[in-house]
J.: 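I'd like to ask some things about the structure below.
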Amino acid sequence: MRRVKAVLKAEDMPNRWYNILPDLPETLPLPLDPETNKPINPAKLERIFAKGLVRQEVSDKRYVKIPEEVLEKYVKVGRPTPLFRATHLEKALKTPARIYFKYEGETITGSHKINTALAQVYYNKLEGIERVVTETGAGQWGTALSLAGALFDLKVRVYMARASYQQKPYRKVLMQVYGAEVYPSPSDRTKVGRYFLSQDPNHPGGLGIAISEAIEDVLTDEKARYSLGSVLNHVLMHQTIIGEEAKLQMEILGEEADIIVGCVGGGSNFAGIAYPFIRDAIKGRKEIKFYAIEPKAAPSMTKGIYTYDYGDSGRLTPLIKMHTLGHIYNVPPIHAGGLRYHGVAPTLSVLINNNIVSPKAYHQTEIFEAAMLFARTEGIVPAPESAHAVKGVIDLALKAKEKGEEKVILFNLSGHGLLDLKGYEDYLDGKIQDYEPKEIPILKSY
Ligand SMILES: *Cc1c(COP(=O)(O)O)cnc(C)c1O
C-alpha cells in the first residue's frame, strides 16, 4: 500500500513552540503608542493582555516550552493532527507533483484556532484573570476560545460581527453551548459600538469594530483581559505546533517539501505550518519556496502598504508595522470570513519584504471552484479560508506538470467547511460575486 497518511502518537507530539523573532533577517519594528508615537511601554500592554503573553510577544528566545496542562489539552482536542497525501487530487490534475496536507480540521472545533486559544486561556487563568474578551468574524476563533474557556474554567465574552451573527447562527450556538456570552457587534454595550450604531442601526459590523468593542470592554474591568486570534507574534508562535508535527510526519513518509503553501488572514495558520521550515531555509539547510495566499477582496500582502497602522477600526490598539490596506478599509462580504482583515502579521510582512515568502491573491469564484475539486477528489469540504491554499496548490501542481517536475508540495488545510455550506450553496446557485478594491484607502502618516 502507498503511504497516504502519517500520524503521530500523543507521546511523540513536539513539546515546544518556535519563536521566529531571533531568526528574522531584520529586527522587527516595535509597536508604537499612538499617544506618543514612541515604542509602547509593556506595562500598558499588560492592561490589555495577560503578562505571560506580553512576555512571549517580545521574547528573543528561539524555543518556548509548551506547559504540561496545554499539552494535555492539545491531545484532548485532537492533536497531533494527521498529515495526508492528496493522491486523488494529484491524479485528477495529472501532475507529477506529490501533494501533502496537514489537516487541522480534525481538531474538535474544526480549525487551527484552538492551538492558540488553549495557550492564551492557560496564561490568563494562571494570572488570576477571570474573563477573556474577544472578537470573532465567521466564528472559528470565538468557538475555539469558548471551548478553551470551558476546558480551563474561565469566562469568555465574544463580540461577533452582526452580519455573521445573523446569517451564520450555528457557530454562535456552538459558542453558547460551550458557555460563552455572545453579543452582535456593533452593540450598545460600548462607546465604539454605540457610535457605529448611530451611523447605521443595522450596521453589519466587521472584525475591526468588534476588536475595538472587546478592548473597550476589557478596559472597564480590571479582572478581564483581551485575547486575539491572529496577527501578533505570540499567536503565530503557538501555531508552530502544526509545522513541528508536519516536519516529523514528512520524515516518517521519507519526503522533503520543495514548496509550502498556506492561506492568510492575519497569518497565523500560514506561520504555523511554514515558520519551522523557514527556520531551516534561513539557515541555508534547504531550498524551499513559500507561498502565502490571500483573497483579492482583502489584498493586504499583494496591494497593501508597509507602514504603521491600527489593528482596529476604533483606533484603540497600538500601532503596528505591517502590510495594510488601512484600518478604515471596509472588507467586502466574501465567504472566507476569517480572511476579512485589513492587515497582516508584522513577522510575515518582514519575510515578504525579504523575498522569503511570496504572496499571491485569488478571486472568490476560483477559490470555490478549487474547493469543489478538492471535495470531489479528497472528500474533505475545505473551509472557504483554507480553499485559498487549495487553489494556490492546484496552480503550483499544474505548473509542475507543465515543466515535468516532480515537486513535493505541502500545505495547511486550516479547517473544514461543514459550517460554511451557505458559501457552497451560493456557489452552486451561481451567486458568488468577485470583489476587488478600486483603490486602497489613502493612509494618513502616523
Ligand atoms: C481564522 C481562519 C483563517 C485565517 O486566519 P489566519 O490567522 O491567517 O490563519 C484561516 N483558516 C481558517 C479555517 C480560519 O478559521
Side-chain angles (χ1 to χ4, degrees), residues 81 101-117 120 134-147 158 160-161 164 168 171 174-175 207 210-211 227-243 261-275 290-295 297-301 311 322-323 331 334-349 351-352 357 359 361-362 367 371 374 380-392 411-420 423:
T81 57
F101 65 94
K102 181 74 167 154
Y103 188 38
E104 290 296 296
E106 273 205 13
T107 62
I108 57 182
T109 50
S111 84
H112 65 289
K113 298 263 174 28
I114 193 71
N115 301 329
T116 185
Q120 293 191 40
T134 197
E135 74 294 329
T136 199
Q140 292 272 25
W141 167 237
T143 306
L145 197 69
S146 301
L147 172 60
V158 183
M160 182 174 193
S164 305
K168 299 183 178 174
R171 284 223 178 81
L174 207 44
M175 289 184 254
L207 274 180
I211 295 175
S227 211
L228 187 66
S230 186
V231 181
L232 297 176
N233 303 335
H234 66 272
V235 182
L236 272 57
M237 183 185 79
H238 298 152
Q239 294 296 352
T240 57
I241 183 78
I242 301 171
V261 184
C263 69
V264 171
S268 76
N269 89 87
F270 174 83
I273 188 105
Y275 283 12
F290 298 92
Y291 292 94
I293 318 289
E294 67 182 2
S300 52
M301 295 185 294
M322 59 182 175
H323 286 274
V331 186
I334 51 169
H335 284 284
L339 308 188
R340 294 185 59 218
Y341 188 63
H342 63 270
V344 71
T347 51
L348 181 52
S349 298
L351 293 167
I352 291 168
V357 173
Y362 289 104
I367 291 307
F374 194 80
I380 295 170
V381 178
E385 292 86 0
S386 320
H388 287 70
V390 173
K391 171 62 181 166
F411 76 101
N412 194 26
L413 193 60
S414 51
H416 70 67
L418 294 177
L419 287 173
D420 303 284

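First listed ligand is number 1; within each ligand, the first listed atom is number 1.
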J.: Give the protein residues with at least one non-hydrogen atom closer than 4.0 Å to an atom of ligand 1, ordered by chain and number.
T.: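 Ligand 1 is contacted, at a heavy-atom distance under 4.0 Å, by S111, H112, K113, Q140, S230, C263, V264, G265, G266, G267, S268, N269, G338, L339, A383, E385, S386, S414, G415.
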J.: Considering only heavy atoms from C-beta outward, does the side chain of K102 approach that of T81 to under 4.5 Å?
T.: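 They are in side-chain contact.
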J.: Closer than 3.5 angstrom, by distance alone: can the side chain of E385 be matched with the main-chain N or O of G338 as a donor-acceptor pair?
T.: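 Checked: pair present.
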J.: Is a side-chain donor or acceptor of H238 paired with a backbone partner of V235 at a separation under 3.5 angstrom?
T.: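 No; judged by distance alone, with no hydrogens or angles, the pair does not exist.
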J.: Is there a side-chain contact between S268 and L232 (heavy atoms, below 4.5 Å)?
T.: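 A side-chain contact under 4.5 Å is absent here.
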J.: Can you find a heavy atom in the side chain of V390 that is under 4.5 Å from one in the side chain of L413?
T.: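 They are in contact (side-chain heavy atoms under 4.5 Å apart), so the answer is yes.
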J.: May I ask you to test the M301-V357 pair for a side-chain heavy-atom distance under 4.5 Å?
T.: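 The answer is no; the side chains never approach within 4.5 Å.
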